[in-house]
Amino acid sequence: MRATEAAAIAAGRVTGLALMERAGAATITAIFETWPARAAAPGHALVLCGPGNNGGDGFVVARLLAARGWQVTVRFFGRVETQPPDARVNHDRWAELGPVLPLDPAAPPPLSPAPDLVIDALFGIGLSRPLEIFAPLFAALGACGAPVVAVDLPSGREADARPEAAAWPACPADLIVTFHRAKPAHAALAPGAMLRVMDIGL
Ligand SMILES: NC(=O)C1=CN([C@@H]2O[C@H](COP(=O)(O)OP(=O)(O)OC[C@H]3O[C@@H](n4cnc5c(N)ncnc54)[C@H](O)[C@@H]3O)[C@@H](O)[C@H]2O)[C@@H](O)CC1
Ligand SMILES: [K+]
């Protein structure tokens, strides 16, 4: 996936920022195709954004949900100073619309009343080690009853599905929206999660 994206960007066919916007838009499409009733009834969405480009996708999704009338709460685990450029641009675009609240994985945010939708844009294919500190947040999300949408991968899942990563703590997911091609991890994911592979023009 990285090689495909890099080749497309290097060939000048597309920019990373354009790919990120398409990923965010594709996530919205997948959500409202999965739950059509929600498309007509905006509610409250909790969007969790991580430090990298997966988080960047999340800032795009937040902005697009707000544009459709959703009440959106964005919580960010990361630092703007270390965000990759495309993610920073989308952080800033969201920040013009609403606050960016902090996320402490050890102290889950208020989840009652439960949001109508949770977007897991914490980590994607860049996860490199287990997310032990996120276990309390993942447990709280699993218990709150809200549908959880994983951007690209449920956070905590290792894209190449290395055997030792199977036991890593991972975010619950009702719908997984991935881009271009399914990754090895998607085949091994929690049963019951719906998977949508969306085209982002690669
Ligand atoms: N142009 C692009 O590269 C595109 C990337 N896309 C998105 O970008 C994602 C990949 O982005 P990145 O490569 O930035 O990676 P991620 O956003 O998956 O996360 C990487 C960040 O998390 C940190 N990290 C990794 N493991 C951690 C741990 N256990 N605890 C704390 N921090 C940890 C890394 O230091 C890095 O800062 C994809 O999954 C996809 O969602 C899409 O927007 C499509 C376009
Ligand atoms: K994710």
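Every number for a ligand or one of its atoms is a count from 1 in the order of the listing.
Listed by first and then second residue, the salt bridge (charged side-chain N to carboxylate O under 4.0 Å, His left out) pairs that reach into residues 120-136 come to none, sequence neighbours excluded.
Atom 21 (C) of ligand 1 has its closest protein heavy atom at Pro51 CG, 3.8 Å.
No option in Leu137, Val151, Leu127 other than Leu137 meets the side-chain contact (heavy atoms from CB on, under 4.5 Å) test with Leu122.
Note on Leu153: counted as a metal contact of the K ion (ligand 2), an N/O/S atom lying under 3.4 Å. Among the backbone and side-chain atoms of Gly58, none of the N, O or S atoms lies under 3.4 Å from the K ion (ligand 2).
Inclusion of Leu122 in the set of residues having an N or O under 3.5 Å from an N or O of ligand 1 is not warranted.
Compare Val177, Asp57, Asn54 by their heavy atoms: the one nearest to atom 6 (N) of ligand 1 is in Asp57. Looking at Thr178, Asn53, Ile200 and measuring to atom 8 (O) of ligand 1, the nearest heavy atom belongs to Asn53. With Glu158, Glu5, Arg2, Arg79 as candidates, the residue nearest to atom 4 (C) of ligand 1 on a non-hydrogen basis is Glu5.
When the N, O or S atoms of Asp120 are ranked by distance to the K ion (ligand 2), O comes first.
Within a 4.0 Å radius of atom 18 (O) of ligand 1, the protein has at least one heavy atom.
For His186, the ring pair (Phe, Tyr, Trp, His ring centres under 6.0 Å) test picks out no residue, with sequence neighbours left out.
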